[in-house]
Amino acid sequence: MNKKNLSELTDEELVVEKKKLKKSKIINAFVIGFLASIIAIGIVSLIYGKNYTVLIPLIFPIYFIYRIVSNSTKNDELQALLRKRNI
């Protein structure tokens, strides 16, 4: 949703957006946990295997976690609007 469209939404539309936000938070938490477990397994295999080429593929999960976290901060405006309207 665009920023100017959020303030023009009705309460019912905001409730729908709130449900979408809740679902996306759950999915994001699951994906971050999965990627963090990949990183943990990679670090453990690095420690026991003494193979430093494992570090290169670990950059990808770190990058994806960064993208998910940075995208989740964009939902702050929606949360502020929901608190303002007491929904």
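Because the structure is a prediction, the values reported are computed rather than measured.
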- Message: Within this structure, what is the CG-CD1 distance for the pair Leu55 and Ile59, rounded to the nearest 0.5 Å?
- Response: 8.0 Å

- Message: Would a single hydrophobic cluster contain both Ile62 and Val69, if residues Ile, Leu, Val, Met, Phe, Trp and Tyr are joined by side-chain heavy-atom contacts under 4.5 Å?
- Response: yes

- Task: May I ask you to list the residues sharing a hydrophobic cluster with Tyr66, side-chain cutoff 4.5 Å, ordered by chain and number?
- Result: none

- Note on the structure: residues 20-46 vs salt bridge (charged side-chain N to carboxylate O under 4.0 Å, His left out), sequence neighbours excluded, gives Glu17-Lys20

Would you mind writing out the side-chain donor-acceptor pairs for residues 26-43 within the sub-3.5 Å range, not counting sequence neighbours?
{"from": "Asn28", "atom 1": "ND2", "to": "Ser24", "atom 2": "O", "distance (Å)": "3.3"}
{"from": "Ser37", "atom 1": "OG", "to": "Phe34", "atom 2": "O", "distance (Å)": "2.6"}

- Item | Pairs flagged by side chain to side chain donor-acceptor pair (under 3.5 Å) wherever residues 50-63 is involved - sequence neighbours left out | Asn51-Thr53, Tyr63-Arg67

- Students should find that the hydrophobic cluster of Val44, defined by side-chain heavy atoms under 4.5 Å apart, otherwise consists of Tyr48

- Task: Indicate if Leu58 and Phe60 have the same hydrophobic cluster label, given that clusters are the connected sets of ILVMFWY residues with side-chain heavy-atom separations under 4.5 angstrom.
- Result: yes

- Task: Using the side chain to side chain donor-acceptor pair (under 3.5 Å) rule, collect all pairs that involve residues 78-87, keeping only residues at least two apart or in two chains.
- Result: Asp11-Arg85

- side chain to side chain contact (heavy atoms under 4.5 Å, CB included) partners for Thr10, two or more places apart: Glu12, Glu13

- When rounded to the nearest 0.5 Å, the distance separating CG of Leu14 from CD of Glu8 is 11.5 Å

